[in-house]
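Structure first, then comments.
Atoms considered below: every heavy atom in the structure, side chains included; atoms not considered: hydrogens, waters and symmetry mates. Just so you know, these numbers come straight off a predicted model, no measurement behind them. A, B, ... follow the sequence lines: proteins, then strands. Residue 1 opens every chain.
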Protein chains: 2
Amino acid sequence: MIKHIIWKKNSLRVLDQRLLPRRVAYIDCRTAEQVARAIKDMVLRGAPLIGCSAAYGMALAARKRSTTALQAAARVLVASRPTAVNLAHAVDAMFRAAAGTPPQRLPAVLARAAEAYFRSDLDYNRRMGILGARLIRKGSRVITHCNAGALATSGIGTALGVIRESFRQGKIAHVYADETRPYLQGSRLTLWELMGEGIPCTLITDSMAAHLMKVSRIDAVIVGSDRIAANGDVCNKIGTYGLAIAARHHKVPFYAVAPTSTIDPATPDGSRIPIEERSAAEVLEISGIPIAPKGARARHFGFDVTPARLVTAIVTEKGVVRPVNASGIAKILAGMVR
Amino acid sequence: MIKHIIWKKNSLRVLDQRLLPRRVAYIDCRTAEQVARAIKDMVLRGAPLIGCSAAYGMALAARKRSTTALQAAARVLVASRPTAVNLAHAVDAMFRAAAGTPPQRLPAVLARAAEAYFRSDLDYNRRMGILGARLIRKGSRVITHCNAGALATSGIGTALGVIRESFRQGKIAHVYADETRPYLQGSRLTLWELMGEGIPCTLITDSMAAHLMKVSRIDAVIVGSDRIAANGDVCNKIGTYGLAIAARHHKVPFYAVAPTSTIDPATPDGSRIPIEERSAAEVLEISGIPIAPKGARARHFGFDVTPARLVTAIVTEKGVVRPVNASGIAKILAGMVR
């Protein structure tokens, strides 16, 4: 599997996912600010992966051997993208590691903590894959949206982790990947991952998913998440909500897969999740080619929220929340579900 | 307004809509086969407009002064795209005009009949605009999908005809145009038409419509149609069905606007409408640039079917069908609704 972030002690080498699948190129980030810029510009993306990168960003800032520098780095990293809560989660983990550490030992301690954070995400991926595969029956044809795969995480992915493990168990007949406008993570990244492992897959435009559910048997929709509220509302890449409505209309189970670091108990429900609005240019152009008249206006919502009632189950590394509601979320966070 | 088809007696000059909004260029079709090729290649599109073009295609074939030539032309024109029933409707109208006409008079008679067919579509557009505007209340914010505008018809358009007339009456506050992957008729054509007339409009990706219905007030969804079955099922550009499900979920009225030539009483319901599958390359590339890995597979459904129960009303030139069901459709076809 291709390496998408490589820790170099004095820098974090980051695969530029914007160029995939056409070109494999890396960017070296030597400071937390450069990591934050790479996240903001979507050089790398995916809630768990940007969490891991923020941890390494803090490790880079630690080389200044000052808590002021760490605090400044934390601010710029958390602000790099407003929706994914994993950034704050990772930064908090780094502060816990830094607590009581003499300044001269900060670089080594935070580098180790960032490595541990990365490794735990890797382990969570594996566990979610195994727990999620239990929900998938043999011969399943599934739809996924955006890229919640290896490129979005430290390991096998969240949604794609479940698909990979289910495929390994002989349960996946076919994967349909939404192209995921405007950034085309589905066509550029998900297809690339699935084809690389010989998992049978077909690209569709986002607008074809509902039709496909009607004319073809679809057994499950499996997606990742950028933030899950305390009541189980699932925030994910724009288009997920419409897909969930279509799934419910066709009685197709809708699964969200995310580590508990994606759950934000401080956000009571989805209406309180800040939805990033990105540049209109990203909708008005494709690969730099204008697709709309000069002077056209566009909205570019980066995410949407799928209410808990449309989510059949949430798969975390600690267990499966089902039914999805506030008490189920509270139990998972308390480690009360297995 | 730009001319999109120009009858030249010996040829039909056709605006190449694939190049809009970047370039205005025309293609001259001298035979029915060339018209059919232009329709197949989407040089021009939109159910009413390809109907008009097929009529002119028959007029070009009539220059051979033989019914055999007309029959051959009809076959190739009707086969150029399988979903829109307007092609067959137009060809039938030309055969009616040809009936009993001496061969030497066929060119003049069919040219006149094609002009009349075009003019009647123009008139229908105006009537649908007026009837449809009655359904729209002041200050409306509407979503439209694909391009059902001047570029898709002879006149002001079907869905966009209603939007234009409603705007003229001061009822439209804002239009959100789905970009409409994979052909981007929304971003390339609809925005171009709306901006040209100063109608406030914003582009969204198809995947943003459901989110917009949740976070913003949307008063109506207005679309065209490529074929309406006898029971009121509405076939239209891929993505319409998902949009209709989302509209129902949010209790937003969903209107289809189409001349009665789009209604096919011989098709009992939507499951019998042939859904054109086009080249996967049109999904795997944008403007010739690959957006997926080499060797990737894709499906490209050109259309989908929205069941009658999700359609609030169908606006035709003869009146409004509401509720949408077999008896309403039968009454409209019998001219029993005003």
Side-chain angles (χ1 to χ4, degrees), chain A residues 20-22 145 176 178-182 184 186-188 191-192 195-196 200-212 214-215 237-246 248-250 271 275 280 283-284 286-287 289-301 303-305 307, chain B residues 20-22 145 176 178-182 184 186-188 191-192 195-196 200-212 214-215 237-246 248-250 271 275 280 283-284 286-287 289-301 303-305 307:
Chain A
L20 291 177
R22 287 198 286 160
H145 189 72
Y176 291 93
D178 276 357
E179 66 175 1
T180 317
R181 282 281 293 147
L184 300 168
S187 44
R188 294 190 301 107
L191 236 64
W192 189 69
M195 289 169 69
C201 56
T202 299
L203 180 66
I204 56 172
T205 64
D206 306 327
S207 58
M208 290 177 195
H211 176 69
L212 200 63
K214 185 164 52 167
V215 300
K237 181 53 54 194
I238 188 74
T240 304
Y241 174 48
L243 186 63
I245 296 172
R248 174 57 51 96
H249 189 82
H250 294 94
S271 70
I275 301 294
V283 171
L284 296 167
I286 295 179
S287 304
I289 297 175
I291 55 166
K294 219 174 233 176
R297 282 188 290 185
R299 291 296 286 271
H300 181 180
F301 303 101
F303 304 89
D304 59 27
V305 173
Chain B
L20 291 177
R22 287 198 287 162
H145 188 71
Y176 291 94
D178 276 358
E179 65 175 1
T180 317
R181 282 282 293 149
L184 300 169
S187 43
R188 294 190 301 106
L191 236 64
W192 190 69
M195 289 169 69
C201 56
T202 298
L203 181 66
I204 55 172
T205 64
D206 306 328
S207 59
M208 291 177 195
H211 176 69
L212 200 62
K214 185 165 50 167
V215 300
K237 182 52 54 192
I238 187 73
T240 304
Y241 174 48
L243 186 61
I245 297 172
R248 175 56 52 97
H249 189 83
H250 293 94
S271 70
I275 300 294
V283 171
L284 296 166
I286 295 180
S287 304
I289 298 175
I291 54 166
K294 220 176 232 176
R297 280 189 291 184
R299 290 297 286 271
H300 180 179
F301 303 101
F303 303 89
D304 59 27
V305 173

One option among A/Ile286, A/Ile275, A/Leu212, A/Ile245 has the most heavy-atom pairs under 4.5 Å with chain B, and it is A/Ile245
Using modelled atom types and a 3.5 Å cut-off, is there a donor and acceptor pairing between side-chain atoms of A/Lys214 and backbone atoms of B/Val305? yes
Starting at CD1 of A/Ile238, measure out to OG1 of B/Thr205 and round the result to the nearest 0.5 Å. 6.0 Å
Quick check on B/Met208 against chain A: is it the side chain, the backbone, both or neither that has a heavy atom closer than 4.5 Å? both
Heavy-atom contact with chain B under 4.5 Å, split by part of A/Asp206: side chain
Spacing of CD1 belonging to A/Ile204 relative to CZ belonging to B/Arg299, to within rounding of 0.5 Å: 9.5 Å
Atom of B/Pro293, atom of A/Ser187 and distance for their closest heavy-atom approach: CD-O, 3.2 Å
Counting heavy-atom pairs under 4.5 Å with chain B, the top scorer among A/Pro182, A/Ala280, A/Cys201, A/Ser207 is A/Ser207
For residues A/His249 and B/Tyr241, report the shortest heavy-atom separation together with the two atoms involved. CD2-OH, 3.6 Å
Please give me the minimum heavy-atom distance between B/Gly242 and A/Ala210, naming the atom from each residue. CA-CB, 3.7 Å
What residue in A/Thr240, A/Leu203, A/Asp304 has the most heavy-atom pairs under 4.5 Å with chain B? A/Leu203
Turns out that what part of B/Leu243 lies under 4.5 Å from chain A's heavy atoms comes down to neither
Greatest number of non-hydrogen atom pairs under 4.5 angstrom with chain B, of A/Leu191, A/Leu284, A/Val215, A/Asp178, falls to A/Leu191
Report which part of B/Pro21 has an atom under 4.5 Å of a heavy atom belonging to chain A: side chain, backbone, both, or neither. side chain
Any chance you could measure A/Arg22, atom CZ, to B/Ile291, atom CD1, to the nearest 0.5 Å? 10.5 Å
Based on non-hydrogen pairs under 4.5 Å, which of A/Glu179, A/His145, A/Lys237 is most in contact with chain B? A/Glu179
Go through B/Lys294, B/His250, B/Arg248 and name the one with the most non-hydrogen pairs under 4.5 angstrom from chain A. B/His250
